[in-house]
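One structure is given here, and the rest of the page talks about it.
Chain naming here is simple, since letters A, B, ... match the order of the sequence lines and numbering starts at 1 in each.
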Amino acid sequence: MTTTDPALPQGDLDAVRTTIAQHPFAAGLAVDHLAVLAEHAATVVVAAGTFVFRQGAPADTLYLLVEGDVDLEVAGGGAEPLVLESLHGGDALGWSWLFPTQPWLFDAHARSATRAVTIDGDRLRAAVHADAVFGRDLACRVAALVSDRLRHARLQLVDSWTHDRRA
Amino acid sequence: MTVAPELPVSDLLTSRPYVVSTVRQQTHDIVTIDVRPEGEPIAFVPGQFDMVYVYGTGEAAISASSDPATPELLSHTIRAVGGVTQALNELQPGATIGIRGPYGRGWPLAAAEGRDLVIVAGGIGLAPVRPAILAALAQRERFSRIALLVGARSPRDLVFRDDLDRWTADRRIDVHVTVDSAVRGWSGRVGVVTTLIPRVPFDPEHATVLTCGPETMMWFTGEALRKRGVDPAQVYVTLERNMKCAVGTCGHCQLGPVFLCRDGPVFAWPEVADLLGEREL
C-alpha cells in the first residue's frame, strides 16, 4: 500500500527539493534542474509487504528510495517469486519511463517500510525533450544507472553459468 | 607480500600423512576437512596453498582455510568439481591423506598494517581469505577498519555461516553479505558482491583490499574498487589454475609470464590485471 509521506507535506516544494538534492541520483544536479524534478515529484511511504509496482503495469514513475528495502522480483509458473536484486535507501528505481508505453518488467516488493520520492515519468520525459541541457544530464544519470544494473546482471549470469558448468 | 617459509628441498615434493579429524558440510557440494599431522605441524601464512593427496586417486591444490595460529589443526575447504575433489568430499574421519606444502606467497597483511583492510570474497573464495581474517582479528589493533564483503549465488551457497554469524556480532569487523538471487524469506541483501563496494564505509585512499573468488568476479571487483578510488596496487587477488608440481617447474599453472604456484597464488592487481582474461595455455 502506497500513501503520501506524512513526514514531508505534499506541495512543500522546498522540502521535496531538499530531499531530492540529498539523494545520490541527483548529486551535483544544477539548482534549476533540481527544481524541475521537484515540480513533478511527490513523497510516498510504501508499507512493508506491499508492492511499489507490479510487473505489467505502466512504467510511468522514477523512484528515488530514501529509506527502506525493495526487492525486485520475478514470479512465474506458480513458483515462489525469485528476488533478483534488493534496492535500498539511496538507490534509484525505474528507467522505463524514459520510453513511452513501457510496462514494468518485474515486481517491486517493499520488504520493509519504504520512503521514496516519486517523479512523474510522463512529465519528466516531456521536460527531458523540452530542455536539451536538462535532458542530456538526466539521460546520462539514467544511463549510468542502467550501466551499473547491466554490469551486475552480467556478473550474475557469469556466476550462474560458471557454477553450472562446474557442477 | 608474505613469503613462504623456506622448506628443505627434500620436503618440497614429499607429502606427509595427515589424519582426517572432522568433516564439516558447508553446502551441498562443499566440505571443510580438518586434519592433524602424524608428525610435527608445519606453519603456514594466510593465502598459501597445499597439495592435498588422496592416495590412489591424485592431488589437488587447495588453500588452507584454518587459523594459522593453530597449525596442528589444518583445514581445507573443497568443492567437488573433479575426481580428486569428489574423493576429498567423500572422506570420513579417521582417513589418512597426504599433504605437501605450504606453497606460494600469502596475503600482504604486514603491508596493510595501519590501513583499512577490506576483504571481498565470492562463494568458496571465503576459504582462502579466512586465515587472513582470523590473523587480522588476532592482531586487531594493527589495522584501522576491517570490512568483510561476502557474496554467494544463493543463501544455500554461503560457506562458513557460523563464522559469518560470529563476525557479524563482533564489532571489530564490519560484515556485509549478499547473494545473487534468493526467494522471499531471505532477510539479507540480494545483488552481486560488487554492489556492496560503493556502500561499505572505508577510506579508499588508505585501504588494502584482499579479494578471492571466481576470476570474473575478481575482475569486476577490481573495476568497482577502481571506481571507488582504491589504488590498484593496493588490491590483491589470489589465482589458482592447474597447479600440479607446486614448485614452478612443470609449467601447468603458467599464466603469461608468471607461474601461479611459485609467483603467487597471491598477486597485486597490476601484476595480473592484463592476464585475468587469458585463456588456458
* Asked: B/Arg184 and A/Phe51: which non-hydrogen atoms are nearest, and at how many Å?
  -> NH2-CZ, 3.5 Å

* **Counterpart residues, salt bridge (charged side-chain N to carboxylate O under 4.0 Å, His left out), relative to B/Asp165 (two or more places apart)** => none

* Check each of B/Asp180, B/Val192, B/Thr221 against A/Leu155 using the side chain to side chain contact (heavy atoms under 4.5 Å, CB included) test, and report the only one that passes. => B/Val192

* Asked: Rounded to the nearest 0.5 Å, how far apart are CD of A/Gln156 and OG1 of B/Thr195?
  -> 9.0 Å

* Decide if atom CZ of A/Arg123 counts as having more than 12 heavy atoms of other residues, nucleotides or ligands within a radius under 6.0 Å. => no

* To do: Would you mind telling me which of A/His109, A/Arg154, A/Arg151 has the largest number of heavy-atom pairs within less than 4.5 Å of chain B?
  => A/His109

* Atom pair NZ/CG of B/Lys227 and A/Asp148 - distance to nearest 0.5 Å -> 4.0 Å

* Asked: Which members of residues 82-91 of chain B, sorted by number, sit under 4.5 angstrom from chain A on a heavy-atom basis?
  -> none

* Looking at B/Gly213, B/Ser154, B/Ser181, B/Gly185, which has the largest count of heavy-atom pairs under 4.5 Å with chain A? -> B/Ser181

* With a 4.5 Å heavy-atom cut-off, do A/Glu73 and B/Val190 have their side chains touching? -> no

* **Heavy-atom donor-acceptor pair, A/Ser86 side chain to B/Arg189 backbone, under 3.5 Å** => no

* Asked: Within a radius of less than 6.0 Å around CD of B/Glu223, do more than 12 heavy atoms belonging to other residues, nucleotides or ligands occur?
  -> yes

* Asked: For the residue pair B/Val183 and A/Val83, what are the closest heavy atoms and their distance?
  -> C-CG2, 4.3 Å

